[in-house]
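These notes concern the structure reproduced below.
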Amino acid sequence: MSSEYDTTETLDVKGLSCPMPIVKTKQAIDDLETGDILEVVATDSGSMSDIRGWADGTDGVELLGQVEEGDHYTHYVEKTV
Amino acid sequence: MSTDNPPAAVDDTDPEFDAAELRTLRERVEELESSVAELNDGGGKKMTIIATQGSFDMAYPPLILASTAAAFDWEVVVFHTFWGLDILHEEKSKSLKLSAVGNPNMPLPNAIAAVPGMDAVATRMMQKKIDENGTATIDELIDLSLEQGVDLQACQMTIELMGYDESDFYDGVTTGVGAATALQHMAESDVQLLV
């Protein structure tokens, strides 16, 4: 999947449902460095709203974009702190 | 900031416009901005859940909310009491049952649901759906919650009431706590839930 973001790492949470995409995203972000961009690929349609809500309510992360392609939902999250 | 004002209101050449006063004002604005930022801060929240139910379906909501809140960096306490203790009981948590009787979401009349073995059938059906949907197991959610620093507490009074032993629970579960501890956490929390 091509993207306009310079992603550091890709997290595959396909097939997992709530709350795993969020919990795994948080764990992956914790392991990254400031400025790194995480690409999260999910099949859970609820992840569109959940990742947005999580990124809004969490310090040190910024949601750069979300792409819906068929049954794949891809999220780009930057670690800002 | 000054660009928002009409030109007439700002006069930089006004000798009465004190530089020291301006500096104090700027400092005050910075101070206020940072305190507003702190108020808007999503982190630093606290949630306390009281988990009283130990059926297969009722074990999920507290664990899902707890592990998700931990991903928000919230401080989370789940106080398990009465049947809720079984969720933390290493052996019993693996065989939690769904009740077929009195469950309006079951496509069975109560007379049939009451037949011995129906709870096991209903539980197996639900378990199959959970597997197919990629929903985490109770085991997984407990591990994740503990890993993320959720404080899973087992009420001491009900441990004794049910005849359980402190060693029956998952490693990392807090024991030796009672209603006063739960109340204290609830009072300090932004979100309190009884499940």
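Letters A, B, ... are given to chains in the order of the sequence lines, protein chains preceding strands, and every chain is numbered from 1. What you see is a predicted model; the values in this text were computed from it and never measured.
The closest donor-acceptor contact from the side chain of B:Glu132 to the backbone of B:Lys129 lies at 3.5 Å or more, if one exists at all. A distance-only check finds a donor-acceptor pair linking the side chain of B:Asp190 to the backbone of B:Lys46 [under 3.5 Å]. In terms of modelled atom types and a separation under 3.5 Å, the side chain of B:Asp168 and the main chain of B:Asp165 share a donor-acceptor contact.
When each of B:Thr68, B:Leu63, B:Ile64 is checked for heavy-atom pairs under 4.5 Å with chain A, B:Ile64 comes out on top.
Between the CG atom of A:Asp44 and the CG atom of A:Asp50 there is a distance of 7.0 Å, given to the nearest 0.5 Å.
The part of B:Glu147 that comes within reach of chain A is its side chain, from C-beta onward, which places non-hydrogen atoms under 4.5 angstrom from that chain. Within the 4.5 angstrom heavy-atom criterion, only side-chain atoms of B:Leu144, from C-beta onward, approach chain A.
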